[in-house]
Enquirer: 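Take this structure, written in structure tokens, and hold onto it; I'll ask about it next.
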Amino acid sequence: MSRIIFLIDLDSFYAQCEQNRNPSLKGKPLVICMYSGRTETSGAVATANYEARALGIRSAMPIFLAKKKATPETVFLPADGEHYSQISEQAMQVFARHADVLEQVSIDEAYLDVSKKTNESFKKAEELAKQIKKELKQELNLTCSIGISSNKLVAKIAASFKKPDGLTIVKPEEIRTFLNPLKVEKLHGVGEVTTKKLNELGVQTVQQLSKFPVHQLIEVFGENKGKLLHNMSLGIDDSPVEETKEKQQFNTIGTLKADSNSFEEISPQLKDFARKLIDRVHEKNIFFKTVSIILISNKLETLTRSKTLEKETNELNVLLKTSEELLKEFFKQNPEMKLRRFGLRVSNFVEQKKQKSLFEFGN
DNA sequence: CCCTCGATCAC
DNA sequence: CCTCATATCGAGGG
């Protein structure tokens, strides 16, 4: 029962979208930015196209730093999320036509289980991947990178192996050889902190990780992550490609005009965010039980405070009152703490209670 | 098993 | 002086 899994990644997606609606941008370094609105250049890079990456500009980089690296012809544009979402939906529809199961993991990435469609043949899988690339180019003028293997873990790494417009196939018998020489940080879920800890244990490569005693990994990283690291090092990942599921939380966060420890100064933003979240709650016809405030200090520490309600709700007033209380209580405990950013979250969603029909009532 | 909160990851 | 949104884990306390 071997599977064939694709991970498809749309290349520097936001930049491609912008270049398609304004072809004069083609060939130039292009940087798509999330501006925080505090100063002219405060914010971060969302996407840099390959010409901009050649200048050393990377996503998540502060905009002012990107500007230092930019050449005169470099173009900076604000992100237009609405537009990218629309294009993303169309791309996902192309993928869906060719998948047994489609799991969208972000605006520009999706896993496809194509085991049945390809009759478990990697030869057919390669043809299918080329067909998807062709349709994506013809219909939306987009390029993508595709990784193919027998599980999600390896498909994901394979997709990053050659970019942009790449296609990398790793058959089951090639997995160990493919993974062994890679640095541990190539594994999904191994970021800066985990890499540092592993390096301190003398583990740099996936091969070294595979030889490291699993019980010791569990001691250092806990039950779940320890086992996960061990399995990943062996190329083992049985997690299924699952139809994209409903979100379990909504949050929205923004940067304050100036650092503040005043409830009154933050209140307007709180109200604005509460309305935004309630709109989404109503759209999806759901109820939430937990309200959180998200606080980021001027020292960039993240704090959260939350309250779980007695009863689920979808009311603006309840959200407002609860989050206001949380924020007031926070400042009472931490009067000196200046906040740079502030946000709200609703979570712990409950299925909407349907009215029992009269018919059901009697039974 | 539930709640709270911080940490980590990665888009 | 560094965006925004989501999921998952673990510890600590019920």
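Keep in mind that this is a model prediction, so the values were computed, not measured. Here is the naming used below: chain letters follow the sequence lines, and residue numbers restart at 1 for every chain.
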Enquirer: For every nucleotide of nucleotides 4-14 of chain C, 5' to 3': is a protein heavy atom under 4.0 Å from its base (B), only from its sugar-phosphate (S), or from neither (-)?
Expert: SBBBSSS----
Enquirer: More 5' along DNA chain B: A:L309 or A:E185, using each one's nearest nucleotide?
Expert: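 Counting from the 5' end, the first nearest nucleotide belongs to A:L309.
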Enquirer: Using only heavy-atom distances, determine whether the side chains of A:S88 and A:S85 contain a donor-acceptor pair under 3.5 Å.
Expert: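 Judged by distance alone, the side chains do not pair up.
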Enquirer: Can you check whether A:F349 and A:F250 have ring centres sitting under 6.0 Å from each other?
Expert: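 Ring-ring flag for A:F349/A:F250: true, centres closer than 6.0 Å.
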Enquirer: How is A:S42 classified with respect to the nucleic acid when contacts are heavy atoms under 4.0 Å: base, sugar-phosphate, or nothing?
Expert: sugar-phosphate
Enquirer: Contact class for A:A79 (heavy atom, under 4.0 Å): base, sugar-phosphate, or nothing?
Expert: nothing
Enquirer: Is a donor on one side and an acceptor on the other found under 3.5 Å between the side chain of A:H98 and the backbone of A:I132?
Expert: no
Enquirer: Which of parallel (below 30°), tilted (30 to 60°) and perpendicular (above 60°) describes A:F13 and A:Y84?
Expert: perpendicular
Enquirer: Would one find a side-chain N or O of A:K196 under 4.0 angstrom from OP1 or OP2 of B:dA7?
Expert: no
Enquirer: For A:R305, answer base if it contacts any base atom (sugar-phosphate contacts may also be present), sugar-phosphate if it contacts only those atoms, and nothing otherwise; contact means non-hydrogen atoms under 4.0 Å.
Expert: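 Answer is sugar-phosphate: A:R305 comes under 4.0 Å of backbone atoms only.
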Enquirer: For this output row, return yes or no: ring centroids of A:F331 and A:F263 closer than 6.0 angstrom.
Expert: no
Enquirer: So what does A:L303 touch, heavy atoms closer than 4.0 Å: a base, only the sugar-phosphate, or nothing?
Expert: sugar-phosphate
Enquirer: Looking at B:dT8, B:dC3, B:dC5, which one has an atom nearest to any side-chain atom of A:V193?
Expert: B:dT8
Enquirer: Nearest to the A:R340 side chain among B:dC11, B:dT4, C:dC1, which nucleotide is it?
Expert: C:dC1
